[in-house]
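Whatever order the structure lists ligands and atoms in, that order sets their numbers, starting from 1.
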Amino acid sequence: MRAKPQPAAADLYVSTHARLGRTPARPLTGEESRLRTAYRLCHRITRVHDPGIHALFQLVPAALRPACWALWAAASVLDDLADQRDVDPAEREARVKAWSQALQRDLAAGTSTDLVRHALVDTALRWRLDLPDLQGAVSSTVGDVRDRRFADWAEWRAWCEALVPWVDHVRHLFEQAGAPMTLRLDRHRDYKQFIDGAQLTDILTDLSADLAHGLLLLPQEALDPFPDAEEDLRHRRWSPAVAALIAELTDLARQWVTRPAMTTGMHPGAANMLDTAACLLRAQLDAVDAGPALLKRPPRLSVVTRTRIFAPARLRAGLAWSLTPLTVPGPRRPEVTAHVPRPAAENTARRTPPPHPGGARPPQIAADQMPAHVAVIMDGNGRWAQQRGLPRPEGHHAGTAAVHEIVCGALDIGLRHLTVYAFSTENWKRDTDEITTILEAIRHDLDEGPLRDLDVRQRWLGHPDKLPQELVQALQRAERRTHTRAGLTLTMCINYGGRDEITRTAAALAQAARAGDIDPHHISEDDFARHLPHPDMPDVDLLWRTGGEQRTSNFLPWYATYAELHFTPAYWPDVDRRDLWQAITEYSRRQRRHGAAPLVSPKSTDRSPRPI
Ligand code: IPE
Ligand code: IPE
Ligand code: MG
């Protein structure tokens with residue numbers, strides 16, 4: 001039997017849902033009735049906009065469905081606002097922004113005049129969704145208004161990531177209800193691939209509708225091997241090139257959505273939902289790959305196919321959820337401190353960092369002499385503290401201010417990639433108190449620090465094993481919140497080890513070979529690089545270590561094989577942005593050869609390597 005909420009939890013939300021479509025036992029208050037109407041609307045939007053998603057939501061316990069509808073309806077409304085092809089892009093962008101700003105106000109007020117936002121606000125507060133994160137998910141749609149062209153799969157994937165926060169909120173609901181949909185952390189790659197597969201299926205399904213609006217949401221890299229396919233598609237001509245392209249893409253999407261390991265260890269009800277989603281996507285791909293009709297109308301699944309998928313899934317869902325008592329939280333008012341969610345979006349990020357306190361300005365470096373990627377081993381915190389008679393943890397707190405300085409310096413000088421070593425796989429050998437201080441300082445800085453509001457895309461490199469869950473969540477939140485920012489990519493290496501990274505990448509390649517995705521006899525350096533955690537991260541041009549030691553301590557071995565090395569004596573908390581500029585200036589004078597012979601004789605050049 002499906003678990004029923006306890007009477008204490010039979011609040012407005014549950015009664016709102018239970019009464020949908022039924023005559024209420026007692027007259028509803030004005031507020032109840034409005035909330036009921038709001039959730040009803042969200043239900044209808046989900047059903048009409050996305051019948052497949054609606055059917056999947058029917059596999060979750062009734063008490064969770066209204067929240068799922070509210071999230072999905074909000075995402076659909078935003079999608080529609082961004083997609084109105086008869087409206088010019090500036091106006092579309094203005095509409096999406098206005099919706100997003102109104103949501104910010106509504107979250108602070110705890111109510112909304114717009115019915116979809118009203119349901120979303122109730123869901124967000126009741127289920128304690130991460131509000132800045134929700135704002136981030138909404139804001140990423142703003143960037144989606146622009147015309148989309150993707151040179152390669154990497155660009156296409158970055159665009160797909162906009163969906164991840166919405167799916168994560170649905171996962172969060174399950175967690176809050178006591179039925180964790182938590183992914184094994186080492187399955188994140190599978191999860192992302194699954195979402196890519198779902199997006200690709202969606203794009204292929206909607207191909208005819210998109211083409212009618214002049215849109216082709218496939219990366220150039222996928223089209224290139226099929227000469228003429230793009231031209232034929234744009235004229236909606238079914239040709240051998242188009243047929244071959246569609247066969248290739250449906251095959252790829254099938255592989256991406258078939259990730260059985262993804263649901264390992266998950267609650268059976270949650271796993272059932274994801275497994276059914278995979279089945280549904282594969283059936284949809286079969287319908288896509290059925291010939292020329294694809295270019296005329298979106299292929300739909302037959303009732304027989306849907307019944308074949310959903311009838312057993314509903315049985316499994318009933319059984320799985322009957323084993324889990326669910327906890328449904330009551331409605332909540334916004335907290336005073338959470339009044340205005342922090343601006344989380346690319347469009348609200350500051351373009352200009354605060355100036356150097358002494359007014360120093362960055363040097364002018366010619367574009368072709370700028371490093372694309374600087375990596376820093378931030379060493380010397382402990383000695384800095386000891387030198388002052390302070391406990392070592394004080395050095396780590398002081399080191400945080402230096403990180404802010406260096407990030408500002410990187411933005412000032414126009415650096416594209418900065419990677420910092422904050423905690424190594426070897427640092428677990430330290431005293432527990434020191435480890436706790438380091439990790440807690442990082443978490444606090446992610447959630448509260450000044451980098452949040454700069455034009456910085458934050459990423460994490462390292463492994464979740466042994467890290468506190470709150471830190472992992474804060475890192476993932478920061479990644480999601482900032483993924484559309486374009487100023488500087490800041491990669492934080494936390495629980496990072498170069499050998500660990502290489503070993504895991506080798507394991508991922510072995511898995512790909514076993515799955516038949518790659519030929520083990522022809523593995524190239526590029527294949528290896530594509531299986532690294534951040535395949536788009538460029539090689540390190542300049543590797544800088546502070547604190548006087550001259551070693552690389554297991555830092556970025558794959559990326560830094562040809563890095564210029566720069567060692568400076570100052571302890572990390574004593575550095576400021578001028579030290580970064582100095583390092584870059586020194587770099588700009590180096591002559592890099594990458595194994596080639598020198599272009600000119602060392603005697604006749606004034607750009608020969610100089611000691612730093
Ligand atoms: C670098 O400073 C920070 C981390 C390793 C986390 P250290 O803590 O290594 O400082 P020293 O090298 O002991 O002075
Ligand atoms: C390297 O510093 C790691 C970080 C800066 C996070 P360590 O202080 O741990 O390096 P070793 O042990 O002196 O090589
Ligand atoms: Mg050290």
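- Remark: the Asp527 side chain and the Ser524 side chain contain an N/O donor-acceptor pair separated by less than 3.5 Å.
- The immediate protein surroundings of ligand 1, defined as residues with any heavy atom under 4.0 Å of it, consist of Met378, Asp379, Gly380, Asn381, Gly382, Arg383, Arg392, His396, Ala422, Asn427, Arg430, Glu434, Ile438.
- Between Trp581 and His356, the two ring planes are tilted [angle within 30° to 60°].
- In this structure a side-chain-to-backbone donor-acceptor pair under 3.5 Å is missing from Gln458 to Thr482.
- The aromatic rings of Tyr496 and Phe555 sit perpendicular, their planes meeting at an angle over 60°, well past the 30° parallel limit.
- For Glu564 (side chain) and Leu542 (main-chain N/O), no donor-acceptor pair under 3.5 Å exists by modelled atom type.
- Atom CD of Glu525 sits in a sparse spot, with 12 or fewer heavy atoms from other residues, nucleotides or ligands closer than 6.0 Å.
- A side-chain hydrogen bond (donor to acceptor under 3.5 Å, both in side chains) with His373 is found for exactly one of Asp541, Asp539, Thr419, namely Thr419.
- Using modelled atom types and a 3.5 Å distance limit, the side chains of Asn495 and His463 yield no donor-acceptor pair.
- No more than 12 heavy atoms of other residues, nucleotides or ligands shown are found within 6.0 angstrom of NE2 on His521.
- The distance cut-off of 2.8 Å around the Mg ion (ligand 3) captures these protein N, O or S atoms, sorted by chain and number: Asp379 OD1.
- Here is the list of ligand 2 atoms found below 4.0 Å of a heavy atom in Arg551: 11 (P), 13 (O), 14 (O).
- Of the N and O atoms on the side chains of Ser424 and Asn427, at least one donor lies less than 3.5 Å from an acceptor on the other residue.
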